[in-house]
Protein chains: 2
Amino acid sequence: MADERRYRIGEFAKLVGLSTYTLRYYEDQGLIKSQRDENGVRYYTDLDIRWVGFILHLKGTGMRLNDLKRYVKLRAAGDATIPARREMLQKTKDDAEADIAELQMHLQVLSHKIDWYDGKVDHTIADSESFHDYLQRFNHQ
Amino acid sequence: MADERRYRIGEFAKLVGLSTYTLRYYEDQGLIKSQRDENGVRYYTDLDIRWVGFILHLKGTGMRLNDLKRYVKLRAAGDATIPARREMLQKTKDDAEADIAELQMHLQVLSHKIDWYDGKVDHTIADSESFHDYLQRFNHQ
DNA sequence: GGTTGACTTAAAGTGCACTCGAAGGTGTTT
DNA sequence: AAACACCTTCGAGTGCACTTTAAGTCAACC
């Protein structure tokens, strides 16, 4: 209720960690709204901080601007779109989890390579053993 | 040793999951090498499959082309660069792990939002409770 | 002998998400 | 009165990693 505190774009930008350029760009794109004072100068409130924060969580999970726009439109269309929004978030979540799984798979190879380098340096791995052969050791099952 | 089997670029592209364009581009950039037959046509061997596979693991963990180029140069410079290469991989690994941690943090908020939607739909969360308030429940400690 | 797949260089195009600048304006602070 | 922060439109620039095209040549397969 009490959104007394008003932030102009410069201050707001610092609070949310975006540039003023980006804030205007997001507004153009329909992702965020701002209010205007009597001189036409944008201002934001604490509610806007929360909203931008949430947008950044969505972006942080890999959601694209286009999907974000779609989400915002659904939101504006009222509670009837909650199931659709839920589905969007679920898909985003599933995708992100798949990305993490893939990333971790790549990371595992990378970790083995680091170990292999260490083995080469301290001679606990034979000079003759290639990384490919070394990797085979871990590919049982 | 026995790298009898030769793959021309089209076949090789399918094997490694890259386009022929990309393979030539990577060769331009110095990331991969190819051999040539008597007509000047590129061919690759099983060793090249492994190498591209490894490159893709590195890319998969978020390594940039420029860093990949640097890595390849170090590799070409011999065993003396193993510590430097190891460091590159370690940094890539650390960065990727930081990325995952951040991603998971964002995912957690997203999961809560999904739960919140579910709570709204089945009325186990009061109509009056905002997501922001709901989130506070999980921010103790 | 036509289709397919390869070759070359160099340049332009794509997609995403900003990021910046020009040019001219208003209002507040020092 | 200058400096500063904001406003507008809108087009151009950035960075990354490809992706495609053009235009011409060459060789193998059916």
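Just so we're on the same page: letters track the sequence lines, and every chain starts at 1.
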Describe, in one word, how the ring planes of B/Y71 and A/Y117 are oriented to each other, choosing from parallel (under 30°), tilted (30 to 60°) and perpendicular (over 60°). tilted
Euclidean distance, atom [atom1] of residue [X] to atom [atom2] of [N] [Å, nearest integer]:
X	N	atom1	atom2	value
B/E27	C/dC7	CD	C1'	12 Å
A/Q29	D/dT9	CD	P	14 Å
B/Y25	D/dT20	OH	C1'	14 Å
A/I55	C/dC18	CD1	P	10 Å
B/K69	D/dC18	NZ	P	11 Å
A/E11	D/dC4	CD	P	18 Å
A/Y43	C/dG27	OH	P	17 Å
B/N39	D/dC29	CG	P	11 Å

Reported CD1-to-CZ distance for the pair B/I82 and B/R85, which is rounded to 0.5 angstrom: 5.0 Å
CD of B/Q108 to CG of B/L135, rounded to nearest 0.5 Å, is 9.5 Å
Return no unless some side-chain N or O of [X] is found under 4.0 Å from OP1 or OP2 of [N].
X	N	answer
B/R42	C/dA6	no
A/R24	D/dC7	yes
B/K59	D/dC16	no
B/R6	C/dA6	no
B/R8	D/dC29	no

Just wondering, more than 12 heavy atoms not from A/D118 lying within 6.0 Å of its CG? yes
On DNA chain C, nearest-nucleotide positions of B/G10 versus B/D28: which is more 5'? B/G10
Checking contacts here: which listed nucleotide ([options]) is nearest the side-chain heavy atoms of [X]?
X	options	result
A/R64	C/dC16, C/dA6, D/dT20	C/dC16
A/T22	C/dC7, C/dC18, C/dA17	C/dC18
B/V41	C/dA6, D/dC6, C/dT19	C/dA6
B/L65	C/dC7, D/dA17, D/dC7	D/dA17
B/Y21	C/dT19, C/dC7, D/dT21	D/dT21
A/I9	D/dC6, D/dC18, C/dC20	D/dC6
B/S19	D/dT8, D/dT19, D/dC16	D/dT19

State yes or no: are the ring centers of A/F131 and B/F54 separated by less than 6.0 Å? yes
Ignoring hydrogens and geometry beyond distance, is a side-chain donor-acceptor pair present between B/Y43 and B/D48 at under 3.5 Å? no
Can a side-chain donor-acceptor contact be found between A/D133 and A/S130 if the only test is distance below 3.5 angstrom? yes
Quick one: is the NZ or CZ of A/R75 closer than 6.0 Å to the six-membered ring centre of A/W51, and within 45° of its axis? yes
Remember a base hit wins even if backbone is also touched, and classify B/Y26 as base, sugar-phosphate or nothing at under 4.0 Å, heavy atoms. sugar-phosphate
Going by number, which of residues 89-104 of chain B have a non-hydrogen atom under 4.0 Å from DNA chain D? none
